[in-house]
Amino acid sequence: QKEVEQNSGPLSVPEGAIASLNCTYSDRGSQSFFWYRQYSGKSPELIMFIYSNGDKEDGRFTAQLNKASQYVSLLIRDSQPSDSATYLCAGGVWDYKLSFGAGTTVTVRA
Amino acid sequence: KAGVTQTPRYLIKTRGQQVTLSCSPISGHRSVSWYQQTPGQGLQFLFEYFSETQRNKGNFPGRFSGRQFSNSRSEMNVSTLELGDSALYLCASSSRQGANYGYTFGSGTRLTVV
């Protein structure tokens, strides 16, 4: 079983819609969670992090964490063509490595 | 503030050769982690160095090794290259050891083994 699993997608949404990305993790000891965006041919870029249960909002992005269900999600509101990328979910145990999911490719249709 | 610098950006090597990749972290960052990214396996953790010591290690064969210098710059070495080593190698910089605060990635080194 992979440590971090993402809904594999790909996900296609119309411009202006909400894109919903989901991720589950297997290690109950995981304490920190991150969402990275990776454009084709580029390296991953950190867009959100969350440590506590609940929601965290940053602009058009909202990360949600539910430790009881071992579930992390990312919502992208008012999706723009520039949001078209692969989104990587990552989780980690304090002082240890980050484990990454396989990524979900999002395409925003104009 | 300069980001994470990886050199070279691209490499083509022949099977059986060895290669050394370099990474300079963000100024002040003492943790450097290395990841291998392939289409089939995604991002896989190689190892982490913090204050010149290897702190964590992934499940890669001993052909993969690394080190960190006193200025926090890190190198990764792969000996006896195999075709399956073709990948994007990413270096990640962090101010603290481990996953606590997330990483900032460099642009990567694209290694092709022929």
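By convention in this document, chain letters (A, B, ...) are assigned in the order of the sequence lines, proteins followed by strands, and residues within each chain are numbered from 1. In this text, all values refer to a predicted model and were calculated from it rather than measured experimentally.
- Around atom CZ of B/R63, more than 12 heavy atoms belonging to other residues, nucleotides or ligands sit under 6.0 Å away.
- Within a 6.0 Å radius of CZ in A/R60, other residues, nucleotides and ligands contribute more than 12 heavy atoms.
- Distance check: B/Q37 CD to A/F100 CZ gives 9.0 Å after rounding to the nearest 0.5 Å.
- Linking Ile, Leu, Val, Met, Phe, Trp and Tyr residues whenever their side-chain heavy atoms come within less than 4.5 Å places A/L11 and A/W35 in a single cluster.
- Heavy-atom pairs under 4.5 Å with chain A peak, among B/F47, B/Y35, B/F50, at B/Y35.
- Both the backbone and the side chain of B/F105 come within less than 4.5 Å of a heavy atom in chain A.
- In this structure, B/Y103 has its ring center no closer than 6.0 Å to that of A/Y36.
- Expressed to the nearest 0.5 Å, how far NZ of B/K57 lies from NZ of A/K97 amounts to 12.0 Å.
- Residues B/T104 and A/L46 are not in side-chain contact: their nearest non-hydrogen atoms beyond the backbone lie 4.5 Å or more apart.
- By the rule that hydrophobic residues join a cluster once side-chain heavy atoms approach within less than 4.5 Å of another member, A/L74 and A/F33 end up as members of one cluster.
- With a 6.0 Å radius and a threshold of 12 heavy atoms from other residues, nucleotides or ligands, A/F49 has its CZ atom at or below the threshold.
- Under a 3.5 Å cut-off, the side chain of A/S43 and the backbone N or O of B/G106 do form a donor-acceptor pair.
- One hydrophobic cluster holds both A/F61 and A/V106 under the rule that ILVMFWY side chains link at heavy-atom gaps under 4.5 Å.
- For chain B, the nearby part of A/F34 is the side chain; its heavy atoms alone come within less than 4.5 Å.
- In this structure the side chain of A/P44 reaches within 4.5 angstrom of the side chain of B/L43, judged on heavy atoms.
- Atom CG of B/N71 sits in a crowded spot, with more than 12 heavy atoms from other residues, nucleotides or ligands closer than 6.0 Å.
- Scanning all heavy atoms of the two residues, the minimum distance from A/L98 to B/G102 falls at CD1-CA, 4.4 Å.
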